[in-house]
Asker: 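Dropping the structure in here first, questions after.
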Amino acid sequence: MRHAYGDRGGLVEIVYELHSDRLVVEVADHGEGFQPPAGTAGLVADEELAEGGLGIAIIQALSDEFEIREGDRGGSRLRFVKRLA
């Protein structure tokens, strides 16, 4: 929420699907949005080591599938999949 809306409030939607072989999570907001660094390797390597600055890099490193895109109504949509089996 801090990254999407700054000091003003806003809505963050979290939807998950638990399947027998995987967990699928989508997090969406209608905030300012952002453009992630090009390529997936640069996201982890270039991230600052500061409090609150590694969330996306950690999710990307632990996920089997990872995607960030612009939301349908602006903002950002992050989707990741972790295989369980």
Asker: Arg79: what forms a side chain to side chain contact (heavy atoms under 4.5 Å, CB included) with it, not counting sequence neighbours?
Answerer: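 Result, side chain to side chain contact (heavy atoms under 4.5 Å, CB included) vs Arg79: Val24, Glu26, Glu65, Glu67, Val81.
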
Asker: Write down the atom of Leu78, the atom of Ile68, and the distance for their closest heavy-atom approach.
Answerer: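 Looking at all heavy atoms of both residues, the closest pair is CD1-CG1, 3.9 Å.
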
Asker: Could you pull out the closest heavy-atom pair between Ile59 and Ser63, with the gap in Å?
Answerer: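 Here Ile59 and Ser63 meet closest at O-OG, 2.6 Å.
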
Asker: Kindly state each residue pair satisfying salt bridge (charged side-chain N to carboxylate O under 4.0 Å, His left out) with at least one member in residues 11-23, sequence neighbours excluded.
Answerer: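 Sorted pair list comes back empty.
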
Asker: Are Phe66 and Val15 connected into the same hydrophobic cluster when the rule is that any two of I, L, V, M, F, W, Y join if their side-chain heavy atoms are below 4.5 Å apart?
Answerer: no

Asker: Residues two or more places apart in sequence or in another chain: which of them pass side chain to side chain contact (heavy atoms under 4.5 Å, CB included) with Leu62?
Answerer: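 Side chain to side chain contact (heavy atoms under 4.5 Å, CB included) list for Leu62, sorted by chain: Ile58.
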
